[in-house]
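One structure is given below, encoded as structure tokens.
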Amino acid sequence: MKIAVEKHQSDKYQKIIQAATHVFASKGFYNAKVSDVAREAEVADGTIYLYFKNKDDILISIFEESIDRFIKAAHDKLEGVNDPVAKLQYFIELHLELVEENQDVAQVLQIELRQSTKFMKEYAAQKFMDYLAIISEAIEEGQKQGLFKKGIQASIVKRAIFGAVDEMALEWVLMKKKKYSLKQVAEQISLMLVEGLRS
């Protein structure tokens with residue numbers, strides 16, 4: 001545990017993460033080499049292996065760093081918000097705002113991460129479950145307050161909400177000429193999904 005904490009506190013570690021995000025977004029995960037990341041980060045190739053086992057480990061670390069930032073931002077934004085409907089709306093808006101503001105990260109998470117067999121098959125994704133828990137907690141709060149239908153299973157619907165947001169984020173990232181803003185997407189998803197939960 002001590003090693004992990006030191007790793008994440010290292011400026012060099014953060015520099016490598018930022019460099020890898022840019023390299024993977026511009027070259028693609030499979031086309032990029034560890035030496036490309038080292039060059040971008042202005043470190044020796046061997047330095048990369050002091051912090052990461054391999055290229056897949058770098059990719060998973062980008063995911064974890066991004067999820068950590070999102071969860072912190074979500075908790076900050078939702079602090080003091082008692083309305084479960086507003087919580088879900090803010091959650092959707094925040095996810096898409098972060099996609100728009102961090103397009104290299106979005107490119108890596110929406111496209112490159114899906115191409116990692118190691119991630120898709122082996123990664124336990126506890127941080128992703130923490131992310132989904134924000135949605136399910138809001139749904140359960142809404143049910144307790146009589147705002148959302150009792151028959152809804154939060155364990156299922158949380159993934160449906162994430163799936164809708166994730167799919168629209170992916171389409172937006174891939175769209176060469178943006179036909180609509182992510183603010184419009186957030187409004188439409190909220191209208192369709194959140195309103196559909198109401199009793």
Side-chain angles (χ1 to χ4, degrees), residues 14-33 36-37 39-41 55-56 58-78 81 83-117 119-120 123 125 127-128 130-132 134-136 138-139 157-198:
Q14 293 298 333
K15 192 174 181 180
I16 293 168
I17 284 286
Q18 290 170 9
T21 301
H22 178 70
V23 169
F24 292 167
S26 58
K27 291 194 170 189
F29 175 68
Y30 279 109
N31 291 329
K33 299 175 182 176
D36 296 327
V37 175
R39 192 179 306 111
E40 181 75 18
K55 197 167 68 165
D56 280 289
I58 300 174
L59 185 63
I60 289 169
S61 296
I62 292 171
F63 169 78
E64 291 190 331
E65 289 278 312
S66 301
I67 287 288
D68 275 342
R69 284 197 300 272
F70 178 85
I71 289 172
K72 182 181 183 307
H75 285 309
D76 288 346
K77 183 157 187 165
L78 299 178
V81 178
D83 178 5
V85 173
K87 279 188 177 181
L88 288 176
Q89 289 171 335
Y90 289 157
F91 180 91
I92 292 167
E93 288 170 9
L94 179 61
H95 181 113
L96 294 171
E97 279 174 15
L98 293 177
V99 167
E100 193 161 19
E101 291 168 7
N102 303 277
Q103 292 191 35
D104 274 357
V105 175
Q107 174 91 9
V108 172
L109 299 187
Q110 297 294 147
I111 300 169
E112 304 307 325
L113 193 65
R114 288 172 163 86
Q115 298 181 46
S116 169
T117 303
F119 179 83
M120 299 303 287
Y123 184 57
K127 290 182 187 294
F128 179 60
D130 294 341
Y131 166 99
L132 291 178
I134 299 172
I135 304 174
S136 58
I139 293 170
V157 174
K158 69 182 180 183
R159 287 185 175 273
I161 291 175
F162 168 75
V165 175
D166 185 57
E167 172 60 25
M168 293 307 300
L170 174 60
E171 185 187 30
W172 191 86
V173 166
L174 292 174
M175 200 184 296
K176 290 181 181 178
K177 186 176 180 181
K178 309 303 183 191
K179 297 175 184 176
Y180 41 75
S181 70
L182 285 178
K183 183 175 181 181
Q184 287 175 289
V185 172
E187 289 170 354
Q188 290 297 305
I189 291 177
S190 293
L191 184 64
M192 178 183 70
L193 295 177
V194 179
E195 294 300 317
L197 296 173
R198 287 185 185 273

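With contacts defined as side-chain heavy-atom distances shorter than 4.5 Å, the pair F29/I111 does not qualify. Side chains of Q89 and E195 form a contact here, defined as non-hydrogen atoms less than 4.5 Å apart. Side-chain contact check for Y90 versus E97: every heavy-atom pair is 4.5 Å or farther apart. A 4.5 Å side-chain heavy-atom check between V185 and Q188 finds every atom pair outside the cut-off. Side-chain contact check for V105 versus V108: every heavy-atom pair is 4.5 Å or farther apart. Looking at I92 and V194, their side chains come closer than 4.5 Å, going by heavy atoms from C-beta outward. For the pair W172 and L96, the minimum side-chain heavy-atom distance is 4.5 Å or more.
For the atom pair K158 NZ and L88 CG, the distance stands at 13.0 Å (nearest 0.5 Å). Interatomic distance, I67 CD1 to L109 CG, rounded to the nearest 0.5 Å: 7.5 Å. A distance of 6.5 Å separates CZ of R69 from CG of N102, quoted to the nearest 0.5 Å. In this structure, L94 CG and E101 CD are separated by 8.5 Å, a value rounded to the nearest 0.5 Å. Here the CD1 atom belonging to I134 is positioned 12.0 Å from the CD1 atom belonging to I139, to the nearest 0.5 angstrom. In this structure, CD in Q14 is found 6.5 Å from CD in Q18, a value given to the nearest 0.5 Å.
Y131 and H95 have perpendicular rings, their planes meeting at more than 60° on a 0 to 90° scale where under 30° would count as parallel.
With hydrogens and angles ignored, the 3.5 Å screen pairs no side-chain donor or acceptor of K87 with any backbone N or O of L78. Proximity of a side-chain donor or acceptor of D166 to a complementary backbone N or O of F162 within less than 3.5 Å is not detected. Without hydrogens or angle criteria, E65 side chain to I62 main chain gives no donor-acceptor distance under 3.5 Å.
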Next on the checklist: Run K72 and D68 through salt bridge (charged side-chain N to carboxylate O under 4.0 Å, His left out) and show every step you take.
Outcome noted: CA-CA 6 Å; K72 182 181 183 307; D68 275 342; over 6 Å; no
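In plain terms, the two heavy atoms of A32 and V23 that are nearest each other are CB-CG1, 3.6 Å. Between Q110 and A169, the closest heavy-atom pair is OE1-CB, 3.8 Å. L193 and I161 make their closest contact through CD1-CA, 3.9 Å (heavy atoms, listed as atom of the first residue, atom of the second, distance). In terms of heavy atoms, M175 sits closest to K178 at O-NZ, 2.7 Å.
Because its NZ or CZ atom is not both nearer than 6.0 Å to the ring centre of F63 and within 45° of the ring axis, K127 does not count as a cation-pi partner of that residue.
For F70 and F91, the ring centers sit closer than 6.0 Å to each other.
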